[in-house]
2 protein chains.
Amino acid sequence: MRTDSGPRRSAAGRPAGPQPAKRQAILEAAVAVFLREGYTRASVDVIADEARVSKQTVYNHFGDKERLFIAAVEEERERVAAGFAAGSPDAPGPDAPGPDGTEPDGTEPGEAYDDGDARTALIHFGHRVLAVLLDERASALRRLVIAEVARHPSLRPACAEGEPQRLVTHLAELLGRRTARGELTVPEPATAARQFVALIVQQGLYQSMYGTCPLADAQATAVCESAADLLVRAYRP
Amino acid sequence: MRTDSGPRRSAAGRPAGPQPAKRQAILEAAVAVFLREGYTRASVDVIADEARVSKQTVYNHFGDKERLFIAAVEEERERVAAGFAAGSPDAPGPDAPGPDGTEPDGTEPGEAYDDGDARTALIHFGHRVLAVLLDERASALRRLVIAEVARHPSLRPACAEGEPQRLVTHLAELLGRRTARGELTVPEPATAARQFVALIVQQGLYQSMYGTCPLADAQATAVCESAADLLVRAYRP
DNA sequence: TAATTGGACTGGACGGGCTAGTCCATTGCA
DNA sequence: TGCAATGGACTAGCCCGTCCAGTCCAATTA
């Protein structure tokens, strides 16, 4: 019996079905616990406690541990995707103590990186990709999905291609524009984009998977610069 | 009570300590079950059954589920490393129904790929790397370690860098030789090698992690060829 | 050769602990 | 008053790790 932040008033006094606020609290707790413990070790009781909700309420809302799990992964996936769409790794969430100085300028979401020379634009793009992909929660989600996808096939489709595919598309457009401008000569922008993303992402993903140190800034810069150098060198006009 | 393959006679009539054959059987069963089920779901009883051994024997040999797990991962890791060292994904094992025609010629283990032009050599190398890295058991081991490394930190060091590092070293030497021969101009072979491996490996690893289709031959060829093209284009003399 | 010894192994039972999911009497907003 | 939510008890089940009576066998002893 808590008395803090009353859950029952959902803004406008609606007739109140199964309280969406509760549902959200459960989802967030579920995300936290599943990311922390994995599917099997996560206990529904702990999730209920952490959501400040009775276990029965959990079952009323989701019916099943499995379905709760799927919903939690979906939830977190959307959160990550939103952060990605915003071009910034820290989406609206209770975490993210403050914007660290990785991105001083206020570049807009889907910005085109069309200022400066190609090398600079590529490096800039690379840093953005790394910031989004190596966000700690995104990494934890990735590890969780990899661990469980074999036993919960419904986790597969969205994540398997979604993440990188949009990056590749954006970058291909960038390369196309640079080619049109005569600054580069990229015969197959789609392929080149896929390759650049692979160059940027591989080491960081590897380290985030195995929980090694999360890719120091110096490493990230080296990766981005050498990848940009390779592309510029290959596709100089 | 089984009567098959008498376990007690270990070649020469040794005084018989804790039977190594049993230990090996347990390890192999443990590898199979852990790869199949993951750490938490794997049950010691099932492992014992699968090893045709009493549960007590398992505890006599390994003492603990945790230690059995570590030993099993180590075992499988060595198996994979051996397969890698042999340059062929299928090491001595009961599986591998037959050598499929991916590697018609009998190239030796640490061969130098010095025949043909650079592009061909790179493509050849890339295919080799993919064959080793995407071997089904190696992939399953990777997924298992990723899933459990957070809770069993002793799994980390060997695998985190071991696998790709040796590939990179080999390739750097190849690039150095080609540069010395005047066929390419690679200013930093180590960096270029790391980049090439990233290009080759990224997509396949991604698919093997998420259990998508295991990278069709056509895809593999496309990846290898475009990666080789990129390097040759960037480093043409 | 025959009996004995001792260690590895078996198989089945069991304690203690944890978990998914259900049930229900009660509470407290709207 | 009605409906969501509560919380705690409860069932049924799985699993780790231990225990133990008994088997099997190589080496040793008589």
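Chain letters run A, B, ... following the sequence lines, proteins first and then strands; every chain starts at 1.
Here D:dG7 presents its P atom at 11 Å from CZ of A:R52, a figure rounded to the nearest Å. One can place NZ of A:K22 at 17 Å from P of C:dT27, the figure rounded to the nearest angstrom. A:Y59 places its OH atom 19 Å from the C1' atom of D:dA4, with the value rounded to the nearest Å. Atom CZ of B:F34 and atom C1' of D:dC15 are 13 Å apart (whole Å). In this entry the distance linking OH of B:Y39 with C1' of D:dC14 reads 15 Å, nearest Å. In this entry the distance linking CD of B:Q19 with C1' of C:dG7 reads 10 Å, nearest Å. Note: CG (B:N60) to P (C:dG11) measures 14 Å, nearest angstrom. Here the P atom of nucleotide D:dC14 and the CZ atom of A:R41 are 20 Å apart, to the nearest Å.
Taking the side chain of B:K55 as heavy atoms from C-beta on, and the options D:dA5, C:dA8, D:dG17, the nearest nucleotide is D:dG17. When each of D:dC16, C:dA20, C:dT10 is scored by its nearest atom to the side-chain atoms of B:S43, the top-ranked nucleotide is D:dC16. Distance from the side chain of B:H61 is smallest to C:dC9 among C:dC9, C:dT10, D:dA5. The side chain of A:S54 sits closest to D:dG7 out of D:dA5, D:dG7, C:dA20.
Note on A:D64: only backbone sugar-phosphate atoms sit closer than 4.0 angstrom, heavy atoms only; bases stay farther off. B:A48 comes within 4.0 angstrom of no nucleic acid atom, judged by non-hydrogen atoms across all strands.
The closest side-chain donor-acceptor pair between A:Q202 and B:Q195, if any, does not fall under 3.5 angstrom. With hydrogens and angles left out, the side-chain atoms of A:R156 and B:T212 include no donor and acceptor closer than 3.5 Å.
Nearest-nucleotide positions on DNA chain C place A:V46 closer to the 5' end than the other of A:Q56 and A:V46.
Looking at A:R142 and A:E76, no side-chain N of the basic residue comes within less than 4.0 Å of a carboxylate O on the acidic one, giving no salt bridge.
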Practice item. Start with the C-alpha gap between A:E28 and A:R137, add the side-chain angles, then the distance that decides, and say whether salt bridge (Lys or Arg N to Asp or Glu O under 4.0 Å) holds. Key: CA-CA 13 Å; A:E28 279 165 27; A:R137 288 186 62 169; over 6 Å; no

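Within the cation-pi definition used here (under 6.0 Å to the ring centroid, within 45° of the axis), A:K65 qualifies as a partner of A:Y39.
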